[in-house]
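Below is one structure; the comments refer to it alone.
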Amino acid sequence: QVQLVESGGGLVQAGGSLRLSCAASGRTFSSYTMAWFRQAPGKEREFVAAISWSGTSTYYADSVKGRFTISRDNIKNTVYLQMNSLKPEDTAVYYCAAGDTYYRDSGSTGYAYWGQGTQVTVSA
């Protein structure tokens, strides 16, 4: 069992940066693939980025590649999402997820554990 709590969301101007954090509880954090998803108003939840259990492999949605970086610290049981060059279309609730799945799994069904989400709003 893993509990996930996101933080770091907020309001930022276009071109700015934010770093999201996701703190996990549970002794098995280091064995899970971790991912970030997001959901904008009126849209379906979409995959953003994922990282393997070891942190050595990452996978990104095309829409964020080159701007966002996912990382993890298995000592602190925390996964991060560094978001640079933010755009208004990045506005969404961002969710952290954990799953016993391949790091290139971009489907939400592969992740069994979810946080409550943190709002990111990018103004033009």
Side-chain angles (χ1 to χ4, degrees):
Q1 190 79 347
V2 177
Q3 288 79 44
L4 304 172
V5 179
E6 302 96 334
S7 61
L11 173 64
V12 64
Q13 288 187 329
S17 299
L18 281 175
R19 188 175 84 152
L20 305 183
S21 299
C22 173
S25 61
R27 292 178 295 174
T28 57
F29 170 81
S30 61
S31 67
Y32 287 111
T33 290
M34 298 298 297
W36 288 94
F37 288 76
R38 66 187 182 186
Q39 188 167 17
K43 295 187 177 181
E44 293 187 354
R45 189 172 299 188
E46 66 174 359
F47 171 80
V48 175
I51 189 167
S52 61
W53 66 270
S54 64
T56 56
S57 298
T58 57
Y59 182 55
Y60 296 93
D62 287 343
S63 58
V64 306
K65 200 173 296 182
R67 300 188 298 122
F68 291 10
T69 302
I70 188 171
S71 61
R72 68 189 295 164
D73 185 332
N74 286 345
I75 302 298
K76 296 182 178 179
N77 279 9
T78 302
V79 63
Y80 304 96
L81 185 69
Q82 178 66 45
M83 304 186 295
N84 298 329
S85 302
L86 282 161
K87 305 175 181 180
E89 52 263 44
D90 294 318
T91 295
V93 177
Y94 283 70
Y95 297 90
C96 174
D100 184 14
T101 187
Y102 187 46
Y103 75 95
R104 292 179 71 88
D105 184 353
S106 59
S108 59
T109 56
Y111 298 87
Y113 304 104
W114 294 81
Q116 83 289 349
T118 186
Q119 177 70 47
V120 171
T121 303
V122 185
S123 62

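Keep in mind that the numbers below use all heavy atoms, side chains included, and drop hydrogens, waters and symmetry copies.
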For [X] versus [Y], what's the shortest heavy-atom pair and its separation?
| X | Y | value |
| --- | --- | --- |
| Ala14 | Pro88 | CB-CD, 4.1 Å |
| Ala50 | Thr33 | CB-CG2, 4.4 Å |
| Tyr95 | Gly115 | CD2-O, 3.6 Å |
| Asn77 | Asn74 | OD1-O, 3.3 Å |
| Lys76 | Thr78 | O-OG1, 2.9 Å |
| Leu4 | Ala98 | CD1-N, 3.8 Å |

Problem - Pairing residues for Trp114 by the ring pair (Phe, Tyr, Trp, His ring centres under 6.0 Å) criterion, not counting sequence neighbours - result: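 Applying ring pair (Phe, Tyr, Trp, His ring centres under 6.0 Å) to Trp114 gives Phe37.
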
Handout entry: ring pair (Phe, Tyr, Trp, His ring centres under 6.0 Å) partners for Phe68, two or more places apart
Key =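 With sequence neighbours excluded, Phe68 shows a ring pair (Phe, Tyr, Trp, His ring centres under 6.0 Å) to no residue whatsoever.
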
Taking [Y] as the starting point, is it possible to reach [X] by hopping between hydrophobic residues whose side chains are less than 4.5 Å apart?
| X | Y | answer |
| --- | --- | --- |
| Tyr80 | Tyr59 | no |
| Val12 | Met83 | yes |
| Phe47 | Trp36 | no |
| Phe29 | Tyr113 | yes |
| Met34 | Val48 | yes |

Do [X] and [Y] have side chains that get closer than 4.5 Å, going by heavy atoms?
| X | Y | value |
| --- | --- | --- |
| Glu6 | Tyr94 | no |
| Ser63 | Arg38 | yes |
| Thr101 | Tyr111 | yes |
| Ile70 | Tyr60 | yes |
| Leu81 | Val79 | no |
| Leu11 | Gln119 | no |

Practice task
Starting at CG of Leu86, measure out to CZ of Arg67 and round the result to the nearest 0.5 Å.
Solution key: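 It comes to 6.5 Å.
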
Problem - Interatomic distance, Arg19 atom CZ to Ser71 atom OG [nearest 0.5 angstrom] - result: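 The CZ atom of Arg19 sits 7.0 Å away from the OG atom of Ser71.
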
Problem - Atom CD of Glu89 with >12 non-hydrogen neighbours under 6.0 angstrom - result: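 Yes, the 6.0 Å shell around CD holds more than 12 heavy atoms from other groups.
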
Handout entry: Greater than 12 external heavy atoms within 6.0 Å of Asp100's CG
Key =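 12 or below, so no.
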
Problem - Flag, side chain of Arg72 to backbone of Ser52, donor-acceptor distance under 3.5 Å - result: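 The answer is yes, because a donor-acceptor pair under 3.5 Å joins these two groups.
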
Handout entry: Salt bridge present between Asp62 and Lys65 (N-O < 4.0 angstrom)
Key =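 Yes, charged N to carboxylate O under 4.0 Å.
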
